[in-house]
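A short worksheet on the structure shown next.
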Amino acid sequence: MKNFSEKVFEVVRKIPRGETLSYKEVARRAGNTKAARAVGAVLRTNFDPKIPCHRVIRSDACLPEGRGLGGYNRGAKQKIKLLEKEKAVWGS
DNA sequence: CATTTGACGCCAA
DNA sequence: TTTGGCGCCAAAT
């Protein structure tokens, strides 16, 4: 049994290239479906290039850019760029 | 140790 | 359909 943050790191690390998971999904895999918020808090605090946190997006990311895909410790701009580069498709 | 903040999500009006 | 409010969890102050 690991701490929530550790589980989150594992799940995010397991995300295959070109795939995207919502915070809710990651939280669910981590053990708490309602901990979507906590997932963001952990990812924001812990920097780690081994963890493609840019593949973790909001559930309502399909909405107008006003909300964006969520934040990113390296800049939301970079996050979107990476997703596009990975040919990842999330909503639409 | 208690309180506030925040990369979220869903329900109600 | 769009806007507002509530709930949940973990980390920071």
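From a predicted model like this one, the values you see are computed outputs, not experimental measurements. Residue numbers start from 1 in every chain, and the chains themselves are labelled A, B, ... in the order their sequence lines are given, proteins ahead of strands.
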Protein-nucleotides 10-13 of chain B N/O pairs under 3.5 Å:
none

Figure out the CZ/P separation between A:Arg29 and B:dG9, and round it to whole Å. 15 Å
Base, sugar-phosphate, or nothing for A:Thr33, non-hydrogen atoms under 4.0 angstrom? nothing
Taking CZ from A:Arg28 and C1' from B:dC8, how many angstroms apart are they, rounded to a whole number? 16 Å
At what distance, to the nearest 0.5 angstrom, does CG of A:Asn32 lie from NZ of A:Lys24? 11.0 Å
Expressed as a whole number of angstroms, how long is the span from A:Asn32:CG to B:dG9:C1'? 14 Å
Note: contacts of residues 7-19 of chain A with DNA chain C (heavy atom, under 4.0 Å) are none
Is A:Tyr23 isolated, or which residues cluster with it under the ILVMFWY side-chain rule of less than 4.5 Å, directly or via members? A:Phe4, A:Val8, A:Phe9, A:Val11, A:Val12, A:Ile15, A:Leu21, A:Val26, A:Val39, A:Val42, A:Leu43, A:Ile51, A:Val56
Heavy atoms of A:Leu69 and A:Ile80 approach each other most closely as CD1-CG1, 3.7 Å
Look at the side chain of A:Tyr72 and the base of B:dA7, then say whether one donor and one acceptor between them are separated by less than 3.5 Å. no
Under 3.5 Å for both distances, Watson-Crick or G-U wobble, that's the pair rule; now give the dot-bracket for DNA chain C, with | marking pairs to another strand and [ ] for crossing ones. .||||||.|||||
Looking at A:Gly71, is its backbone amide N or carbonyl O close enough to the side chain of A:Lys79 to form a donor-acceptor pair, meaning the two atoms are under 3.5 Å apart? yes
Between A:Arg29 and A:Glu25, is the closest basic N to carboxylate O distance under 4.0 Å? no
With the side chain defined as heavy atoms from C-beta on, A:Arg58 is closest, among C:dA10, B:dG9, B:dA7, to B:dG9
Looking at the side chain of A:Phe4, which of C:dA10, B:dG9, C:dA11 is the nearest nucleotide? C:dA10
To the nearest 0.5 Å, what is the distance between CD (A:Gln78) and NZ (A:Lys85)? 9.0 Å
Which of C:dC9, C:dA11, B:dG9 is nearest the side chain of A:Ala35? It is C:dC9
Spacing of CD belonging to A:Glu86 relative to CZ belonging to A:Arg17, to within rounding of 0.5 Å: 4.5 Å
Taken to the nearest 0.5 Å, the spacing of A:Ser5 OG from A:Glu10 CD works out to 11.0 Å
Distance check needed: B:dG9 C1' versus A:Leu21 CG, whole Å only. 16 Å
OH-NZ distance between A:Tyr72 and A:Lys77, expressed to the nearest 0.5 angstrom: 14.5 Å
Show me the protein contacts with nucleotides 2-6 of chain B, counting only N or O atoms at under 3.5 Å.
residue	atom	partner	partner atom	Å
B:dG6	N7	A:Arg37	NH2	3.1

Between B:dA7 atom P and A:Tyr23 atom OH, what is the distance in whole Å? 9 Å
Check the distance between C:dA11's C1' and A:Asn46's CG and give it to me in whole angstrom. 9 Å
Could you work out, with salt bridge (charged side-chain N to carboxylate O under 4.0 Å, His left out) as the rule, every residue matching A:Lys81, not counting sequence neighbours? none
Please tell me if the side chains of A:Arg44 and A:Asn73 come closer than 4.5 Å, counting only heavy atoms from C-beta onward. no
Using a strict 4.0 Å threshold on nitrogen-to-oxygen distance, state whether A:Lys50 and A:Asp48 make a salt bridge. no
Value in whole Å for how far the C1' atom of C:dA11 lies from CZ of A:Phe47: 14 Å
Over all strands shown, is A:Asn3 touching base, sugar-phosphate only, or nothing at heavy-atom distances under 4.0 angstrom? nothing
Using every non-hydrogen atom in the two residues, find where A:Ala27 and A:Ala36 come nearest and quote the distance to one decimal. CB-N, 3.5 Å
Nearest whole angstrom, please: distance from the P of B:dA7 to the CD1 of A:Ile51. 18 Å
